[in-house]
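What follows is a single structure, written as structure tokens, with notes after it.
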Amino acid sequence: MSKRFPEYKGLDLPKVNNEVLKMWDDDDTFRRSLRSRDGKGEFVFYEGPPSANGMPGIHHVMSRAIKDAICRFKTMQGYEVKRKAGWDTHGLPVELGVEKSLGITKEDIGTKISVDEYNAACRRDVMKYTDAWEDLTRHMGYWIDMDNPYVTYDNRYIETLWWLLKELYNKGLLYEGYTIQPYSPAAGTGLSSHELNMPGCYRDVKDTTCIALFSVKKNDKSKFLFSGIDTQGVKIMAWTTTPWTLPSNTALAVGPEIKYASVRTTNPYTSEPITVILAEELIPVIFAPDKKLEYTVNGTYKGSELKGIDYEQLIDWVNPGEGAFRVITGDFVTTVDGTGIVHIAPTFGADDYRAGREHGVPPLLVLMSDGFEGPLVDRRGRMVPMGDLDQAFIATHVNTSTYGPFAGRYVKNEYNDSLTEADATLDVDIAVMLKQAGKAFRIEKQIHNYPHCWRTDKPVLYYPLDSWFIRTTALRDRLIELNNTINWKPESTGTGRFGKWLENLVDWNLSRSRYWGTPLPIWMTEDRQEEICIGSLAELKIEITRSIDAGYMTRNPLENFVVGDNSLENYSLLDLHRPYVDEIVLVSRTGRPMRRETDLIDVWFDSGAMPYAQAHYPFENKENFAEMFPADFIAEGVDQTRGWFFTLHAIAVMISDSVSYKNIISNGLVLDKNGNKMSKRLSNAVDPFSTIDQHGSDALRWYMLTNAQPWDNLRFDISGVEEAKRKFFGTLYNTYSFFALYANVDGFTGSEPQVPVERRPEIDRWIISLLNTLIKEVTERYDDYDITPAGRAISDFVTENLSNWYVRLNRKRYWGGGMDDDKLSAYQTLYTCLETVAIMAAPVIPFFTDRIFTDLNSVSGKHNEGSVHLVAFPSYDKKLIDKALEERMEIAQKMSSMILALRRHVNIRVRQPLARIMVPASDRHFRKSFEAVKPLILAEVNVKEVEYVDDTSGLLIRKVKPNFKLLGPKFGKKMKEAGAAILALTQNEIAEFEKNGSLNLLLDGETHTITTAEVEIISEDIPGWLVANEGRLTVALDITVTEDLLHEGIAREFVNRIQNIRKERGFEVTDKIRVVIEDLPFVSAAVSKHSDYIASQTLALDVSLAPASAITGPAARETDIEEQMVRVLVEKVKG
RNA sequence: AGUCCCAUAGCUCAGUUGGUUAGAGCGCUACACUGAUAAUGUAGAGGUCCCCAGUUCAACUCUGGGUGGGACUACCA
């Protein structure tokens, strides 16, 4: 027995999923796809490492479906696409997870639990959900090499990171500096922005606020402020919610474009007349009516005019040195609150620090007795006690009589356990002091939003902390330049979010004070005068040896480390994590001990370094690195823009002066169906596992990639997945089933010699033309990393053209009879369409397409490859694309639909044949096209003949439509009138117009000539006929039902009824039958006249008439024809 | 606060370089068709193309300003 195309009882995508997965496993399909064909070489892809300490979510399916689709497509194009999986294993979320599961806090590290145990727990915990991730990866069909992933905690990975850091260090790009960071004095640690964004951290608190008055120094720069005033001096108003920062003030910032006013008023506390400067806009707020303050405006000035004005120090505790106490400008200044003038304390605000640096304003620093400089507030949150200050510094820079009473005070009472809310705060005392000195304008309690430490619940300070930085700013121009060569999808993320980010780049703060992460490989002497940056284990081994010689270490943990042996065993001799790495003490050039900087590095450096570290470069893969760098393609969520996308780019530019990726898709978020972010808390998160179990990952992937452009946020609605299944997969399945059913009946195998395309019928050539157009379109879209329109085009082709037109119109060609060329054409055409669609859709929906492909191939044996993912992506044949043919068929489709609409209008069912349609055909080209598709239309709408009418018949009512695109530029302002005039043309004028090819139009006494090329002339109506219009198409239907037609209609009714009975009785498609119909007056003529027709359609050997009494038994049925009951007998004939 | 994305039918989305009647699918209503049948067709209802202003003969489309939703970054007197 010959092979048969597999037939199925129903569409079960989850089952297909599992069966195809098993096939891939059995055949090792993924591994076999990893090769380069036709000398295409490598297509480099980088996998962004997910953190395996959390469960994967539905959004992971999104970005991974994109990555998988592109990689599969490139594979099918002939490239070798290696895909190394990776795991991001360091970082705060891991630490928090461990602390939660162990029930400890950071303070317990080193006491309740050793750093050693803590890190061991992190190492275990981070791979907690690896199984779930691997399971999802497998079931969603994401092909990636999970057997050899890169793991960021691996010593070899860390070694590459150290090498990179040393490269940066040697280039002078790695430096130590300080920056203003959120700092918790109570916990004694800096906080990450992540920690600050934890729920409940920002809280409304009531604080003392103060508008301070800064006295302007009268000199050349400021004298314009003093002209015409009658007060002692001029004061600049600045508002603060943290009066304790006022002693550290070294500048005032104004907005360059903001308008400021000089206002005469009185000091409410001293009643002294004063002249003050503030933003003009804020006068009504500061001098609100309820304050009962009188004031007059002297004049206004732009912020830029005030720039450079000097003022006297507000609180003379410490002298900050040259350059302080100036008015500077800053873009960050607003007039939403305060006075429009910002008090700048560079030691306690990030903006302040930056503004200070830009304008050369010094921060207010004090010299401590230990020789280090620091801000006026110490790390415990106190004004630096006198005893901690350097004695010489006190003598030269500190006003002991004014500072003395305040030294040692906590800036927030919360930091001192012996103080309560009832005690006076430093803020209040400073405010009162200013008030008494006439330097305060207003003091009041205000509620504002302020961050708190999530561990201690106490307020955070913005505080200068030492950190290690990468000088990314030094490479800014190069970063921007190279970014412009990257193909971003969507473009706006590259130029916009990412581009702007690069323009406003600040140095990369690398330091993190944590335990579980990549240690900074820098060792320093205690006085910080000597340092060493280690770039490899080999180097470390040598340095340790030197240290042992110097007596600082007793044993070399790398004693047995073999340089050049890259095995895991060799690299497991020493754990490079804390605390082990901290036990290593190195020796400086001058023979002094050096200890490691305790900082870890930002985990983003880990992931951004993966192009190098996944290859353990340069310790391995040095020769072939060019084959793996840079990436041709990466894809992740848009939330990675300033994360992974940036760190990849930054490191590649700094190390290799190259982009890290050439093409990138950044996809949007997956929201719930109401547009809300998915979260466990709202329990609106969609579980990818159960979704795939229920619907199959093909349906899920198809929905996610075709419903919306991937970079738009996706409102995930499961009913969309179901719709995709019904609409696209259902139709494709049906089309295949239809093919398989008849191909098996006819013994078609697909391996028959091809009927030459030019010998196939018009409709076959049409669908082949469309198919080739589709190949072109899909290839271009995929090539452009634009998956969505590619998928939509495939879907349109399958549902609209292939199934709903081609198969529907051709069904009869597959039924009955032997195998002639026409039938063979039909099978071969449908086979080609199914196979090509399967191949083209394979990158997006890898399972179902592989099933279709292998099912087709199992009989035809056309391909040697056992999987759709191993075959070449099709290329289109220009010769097979026939635009004129596609156009003709469009006419047929539209015409048919119009005629069916007319039938519906007068309630004449399609089974009732009608005599003729009438089509206006003044255009010869149109007539020719119509003639070619005439048989299709007539068959589809069940009409016998076409009659063409031309305008000379006088039957047609014509209409002229102006072509605005052509006429618009010609008429300009008069277009409206011209359009109206054209629409108002009479039938005679139109006829004249058409005859002459041009027309003179009279507008405002001016004559304008228009030609027929500039308008569209359509036949709108045929009086007395039933007419339909759509665009340029017009058709009229003759709805007279003659006796002959009625008989034929009745015959067709019988065919339909008999077919239904056949089906109901469960006959095989090939069974022969005998039919007896009740001899009623209104059917007898119809049946006897068309008995042959009825017989041929229903595979009846005999159709006869008989009285009702003769039609009895189990084979007898009663059916409804033309609203009358008729008895019919249908029985199987053996033979 | 800054930067970016999004806003078109009840829902999900198309809509070319501006061109005058803004489309599809789903859903709803009615009808039809049927050897693909858990499929299909036709028709109907359903629109302030988020709002305002501008440019233009002409704006869903371009410009500016808002509003709403979302993301990232930053966090401020």
Side-chain angles (χ1 to χ4, degrees), chain A residues 10-11 182 193 196 202 209 238-242 245 252-253 331-334 336-345 349-352 449 451 462 490 492-493 495-501 504 637-643 668-669 671 673 675-677 706-709 711-715 717 719-720 722-723 726-727 730-731 733-739 741-742 789 792 795-796 799-800 803-804 807-808 811 815 896-897 900-905 907 909-911 961-969 971-979 1056 1059-1060 1062-1063 1067 1069 1097-1099:
Chain A
L11 174 62
S193 58
L196 229 49
Y202 277 85
T209 71
W239 179 66
T240 180
T241 56
T242 52
T245 61
L252 291 170
D331 293 332
F332 56 88
V333 180
T334 65
V336 290
D337 52 20
T339 62
I341 296 161
V342 179
H343 132 68
I344 298 291
D351 277 341
D352 307 42
N449 207 250
Y462 287 91
S492 60
T493 300
T495 54
R497 187 183 287 194
F498 194 65
K500 293 275 161 58
W501 160 255
N504 299 313
V638 68
D639 52 332
Q640 294 293 334
T641 306
R642 279 144 182 181
L669 300 181
L671 309 169
K673 67 176 180 179
N676 299 312
K677 204 173 175 175
T706 60
N707 186 64
Q709 297 277 22
W711 38 87
D712 287 343
N713 290 343
L714 175 69
R715 292 185 172 199
D717 187 352
S719 63
E722 283 156 4
E723 187 181 320
R726 243 194 347 263
K727 190 99 191 94
T731 308
Y733 162 78
N734 262 331
T735 308
Y736 169 79
S737 302
F738 173 85
F739 166 82
L741 175 68
Y742 291 106
R792 284 175 174 168
S795 176
D796 263 12
T799 57
E800 295 307 315
S803 167
N804 200 16
V807 173
R808 194 156 58 86
R811 275 176 303 190
W815 302 344
S896 302
S897 134
L900 289 172
L902 289 175
R903 294 186 81 112
R904 152 82 199 121
H905 221 75
N907 262 319
R909 57 179 174 269
V910 179
R911 268 197 300 268
K961 275 180 162 175
N963 183 332
F964 285 92
K965 208 166 183 172
L966 293 177
L967 292 172
F971 282 97
K973 277 191 201 307
K974 288 183 184 152
M975 189 60 233
K976 270 207 172 84
E977 295 170 58
N1056 167 246
Q1059 300 286 33
N1060 286 344
R1062 281 186 67 117
K1063 196 169 73 182
F1067 294 175
V1069 178
Q1097 292 296 303
T1098 60
L1099 292 188

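The figures that follow rest on heavy atoms only: side chains count, while hydrogens, waters and symmetry mates do not. Source: prediction; values computed, not measured. So that the names make sense, note that chain A is the first sequence line, chain B the second, and so on, each numbered from 1.
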- Query: Which part of the nucleic acid does A:Y742 contact within heavy-atom distance under 4.0 Å: base, sugar-phosphate only, or nothing?
  - Reply: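 Result for A:Y742 = sugar-phosphate.
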Discussion item. Once you apply a heavy-atom cut-off of 4.0 Å, does A:S737 come out as touching a base, just sugar-phosphate, or nothing?
Written reply: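 If one applies the 4.0 Å heavy-atom cut-off, A:S737 turns out to touch nothing in the nucleic acid.
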* **Stem segments of RNA chain B by first residue number [Watson-Crick or G-U, under 3.5 Å, at least 3]** =>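 Stem list for RNA chain B: B:1-7 with B:67-73, B:10-13 with B:23-26, B:28-32 with B:40-44, B:50-54 with B:62-66.
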Give the minimum heavy-atom separation between [X] and [Y], together with the two atoms involved.
X	Y	value
A:G979	A:P962	CA-CG, 4.2 Å
A:R792	A:T706	NE-O, 2.9 Å
A:T735	A:S803	OG1-CB, 3.8 Å
A:D352	A:H343	OD2-O, 3.5 Å

Expressed in whole Å, how much space separates the [atom1] atoms belonging to [N] and [M]?
N	M	atom1	result
B:G65	B:G23	C1'	30 Å
B:C52	B:C57	C1'	23 Å
B:C5	B:A14	P	16 Å
B:A1	B:A45	P	46 Å
B:C62	B:G25	C1'	30 Å
B:A24	B:C76	C1'	49 Å
B:A58	B:G41	C1'	38 Å
B:A59	B:U42	C1'	34 Å

Decide yes or no for A:I344 and A:L252: does some side-chain heavy atom of the first lie under 4.5 Å from some side-chain heavy atom of the second?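 In short, these two side chains do not touch, never coming nearer than 4.5 Å.
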Taking side chain as C-beta onward, heavy atoms only, is A:S795 less than 4.5 Å from A:E800?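 No. Closest side-chain heavy atoms not under 4.5 Å.
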Practice problem: Supply the atom-to-atom distance A:L11 CG to A:T731 OG1, rounded to the nearest 0.5 angstrom. | Solution: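 With rounding to 0.5 Å, CG (A:L11) is 10.0 Å from OG1 (A:T731).
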With a 4.0 Å cutoff (strictly under), does any side-chain N or O of A:Y462 reach OP1 or OP2 of B:C76?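 Answer yes for this pair, as a side-chain N or O of A:Y462 is under 4.0 Å from OP1 or OP2.
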### Message
B:U12, OP1 or OP2 - any side-chain N/O from A:N707 closer than 4.0 Å?
### Response
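No, no such contact exists.
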Self-check item: Intermediate values then yes/no, side-chain contact (heavy atoms from CB on, under 4.5 Å), A:R811 and A:F738
Solution: CA-CA 9 Å; A:R811 275 176 303 190; A:F738 173 85; 3.7 Å; yes
Which residue lies toward the 5' end of RNA chain B, A:F498 or A:R811, if each is placed at its nearest nucleotide?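 Result of the comparison: A:F498.
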Requested in this report: Report the residue (A:G643 or A:K965) whose heavy-atom-nearest nucleotide on RNA chain B is the more 5′ of the two.
Outcome: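 That would be A:K965.
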_Nearest-Å distance for atom pair CH2/P, residues A:W711 and B:C6_ =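 Roughly 11 Å, once rounded to whole Å.
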Can you tabulate the close N/O pairs, meaning under 3.5 Å, that link protein atoms to atoms of nucleotides 54-57 of chain B?
{"from": "B:C57", "atom 1": "OP2", "to": "A:K973", "atom 2": "NZ", "distance (Å)": "3.0"}
{"from": "B:C57", "atom 1": "O4'", "to": "A:G972", "atom 2": "O", "distance (Å)": "2.9"}
{"from": "B:C57", "atom 1": "O4'", "to": "A:K973", "atom 2": "N", "distance (Å)": "3.0"}
{"from": "B:C57", "atom 1": "N1", "to": "A:G972", "atom 2": "O", "distance (Å)": "3.1"}

List, with names and distances, any nitrogen or oxygen atoms from the protein found under 3.5 Å away from nitrogen or oxygen atoms belonging to nucleotides 40-47 of chain B.
{"from": "B:U40", "atom 1": "O3'", "to": "A:N804", "atom 2": "OD1", "distance (Å)": "3.4"}
{"from": "B:G41", "atom 1": "OP1", "to": "A:N804", "atom 2": "ND2", "distance (Å)": "2.8"}

